[in-house]
Amino acid sequence: MADNARAKRLADLIREVVAQKLQRGIKDPRLGSHVTITDTRVTGDLREATVFYTVYGDDEERAAAAAGLESAKGVLRSAVGAAAGVKFTPTLTFMADALPDTAKTIEDLLDKARASDAKVREVSAGASFAGEADPYRKPGEEDEEAEAAEVARPAEAVEKDGEAAE
């Protein structure tokens, strides 16, 4: 089992070699300049590598790029083996990266939230508070309210309290 640092270095090397080979060495028209290698992951035993890519274009161009990468897999693996110098050259698996789709979904959700916030802002523009502007009690207010209640009590209630206290 290789350490994580070695697997990371090999993954970085594979990403660079595959990207350079796609740019300069592969003459397949399906793999034009619209294929981008985004990430590479290598298993712990350095036997398998997954290469993530994105394609600029529609679904038809994505399918053509996937077929082009599958057909160029042997040439790309040979280039990786020559550059890496490892005992066993990892097998390459190409996977379309879901990052652009995920980013678009997040952008759509953020736009929806912004529109909702703007709508709430418009509705609340002329609104006022339901109660007082500051609904919290402050120290000292309770004493003033208690004194005001004592003054407002009728005299009979005070006399009854006095008799009950005796």
Side-chain angles (χ1 to χ4, degrees), residues 1-81 83-84 86 88-142 145:
M1 194 78 142
D3 61 346
N4 288 337
R6 185 172 180 201
K8 174 83 171 110
R9 283 193 314 266
L10 184 60
D12 290 342
L13 178 73
I14 291 171
R15 187 180 71 240
E16 290 174 12
V17 168
V18 169
Q20 287 176 357
K21 194 70 172 172
L22 285 175
Q23 186 177 17
R24 296 190 187 129
I26 305 291
K27 304 250 188 272
D28 193 344
R30 298 175 292 186
L31 300 174
S33 62
H34 55 277
V35 175
T36 304
I37 305 300
T38 56
D39 192 20
T40 306
R41 295 188 185 144
V42 177
T43 59
D45 60 357
L46 306 179
R47 295 279 179 158
E48 297 175 16
T50 304
V51 180
F52 294 93
Y53 67 94
T54 59
V55 178
Y56 182 74
D58 58 357
D59 290 334
E60 185 178 311
E61 290 177 351
R62 288 184 191 131
L69 286 170
E70 273 307 307
S71 69
K73 188 184 286 190
V75 174
L76 294 172
R77 186 171 179 221
S78 297
V80 167
V86 291
F88 180 81
T89 303
T91 58
L92 301 178
T93 305
F94 292 97
M95 302 231 8
D97 199 352
L99 185 68
D101 296 333
T102 305
K104 183 172 178 8
T105 303
I106 290 173
E107 282 297 322
D108 291 344
L109 290 173
L110 288 174
D111 288 341
K112 193 181 291 185
R114 284 186 198 105
S116 174
D117 288 349
K119 192 179 293 183
V120 167
R121 226 177 280 117
E122 288 175 13
V123 169
S124 66
S128 62
F129 294 106
E132 300 173 11
D134 186 12
Y136 301 105
R137 292 183 180 226
K138 295 181 179 60
E141 287 182 1
E142 293 176 7
E145 290 177 10

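To the nearest 0.5 Å, atom CE of residue Met95 and atom OG1 of residue Thr38 are 10.5 Å apart. Thr40 contributes atom OG1, which lies 8.5 Å from atom CZ of Phe52 (distance to the nearest 0.5 angstrom).
Counting only distance, with no hydrogens or angles, the side chain of Ser124 and the backbone of Val120 share a donor-acceptor pair below 3.5 Å.
A salt bridge is defined here as a Lys NZ or Arg NE, NH1 or NH2 lying under 4.0 Å from an Asp or Glu carboxylate O, and Arg114 with Asp111 meets this definition. Salt-bridge annotation for Arg41 and Asp39: present, with a side-chain N of the basic residue lying under 4.0 Å from a carboxylate O of the acidic one.
Taking all atoms of both residues into account, the shortest heavy-atom contact from Ala84 to Leu13 is CA-CD2, 3.4 Å. Here the closest non-hydrogen pair linking Glu70 and Lys73 is OE1-NZ, 3.2 Å. Contact between Thr89 and Arg77 at its shortest, heavy atoms only, is O-NH2, 2.6 Å.
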Let's go through Arg30 and Val55 carefully: what are the C-alpha distance in whole Å and the side-chain angles of both, what is the deciding distance for side-chain contact (heavy atoms from CB on, under 4.5 Å) to 0.1 Å, and is it a yes or a no? CA-CA 11 Å; Arg30 298 175 292 186; Val55 178; over 6 Å; no

Should Val51 and Thr93 be marked as a side-chain contact (heavy atoms from CB on, under 4.5 Å) after you check the CA-CA gap, both sets of side-chain angles, and the distance that decides it? CA-CA 6 Å; Val51 180; Thr93 305; over 6 Å; no

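Proximity of Leu69 to Tyr53: side-chain heavy atoms (C-beta onward) are separated by under 4.5 Å at one or more points. Counting heavy atoms from C-beta outward, Ile14 and Val42 have side chains that approach closer than 4.5 Å.
Annotation: cation-pi geometry not satisfied between Arg62 and Phe94 (NZ/CZ under 6.0 angstrom from ring centroid, within 45° of ring axis).
Neither side chain, Asp97 nor Thr54, offers a donor N or O lying under 3.5 Å from an acceptor on the other.
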Please table the atom pairs, donor to acceptor, closer than 3.5 Å between any side-chain atom in residues 15-23 and protein atoms at least two apart or in another chain.
residue	atom	partner	partner atom	Å
Arg15	NH1	Asp12	OD1	3.2

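Among residues two or more places apart in sequence or in another chain, the side-chain contact (heavy atoms from CB on, under 4.5 Å) test is passed with Thr102 by Ala98, Ile106.
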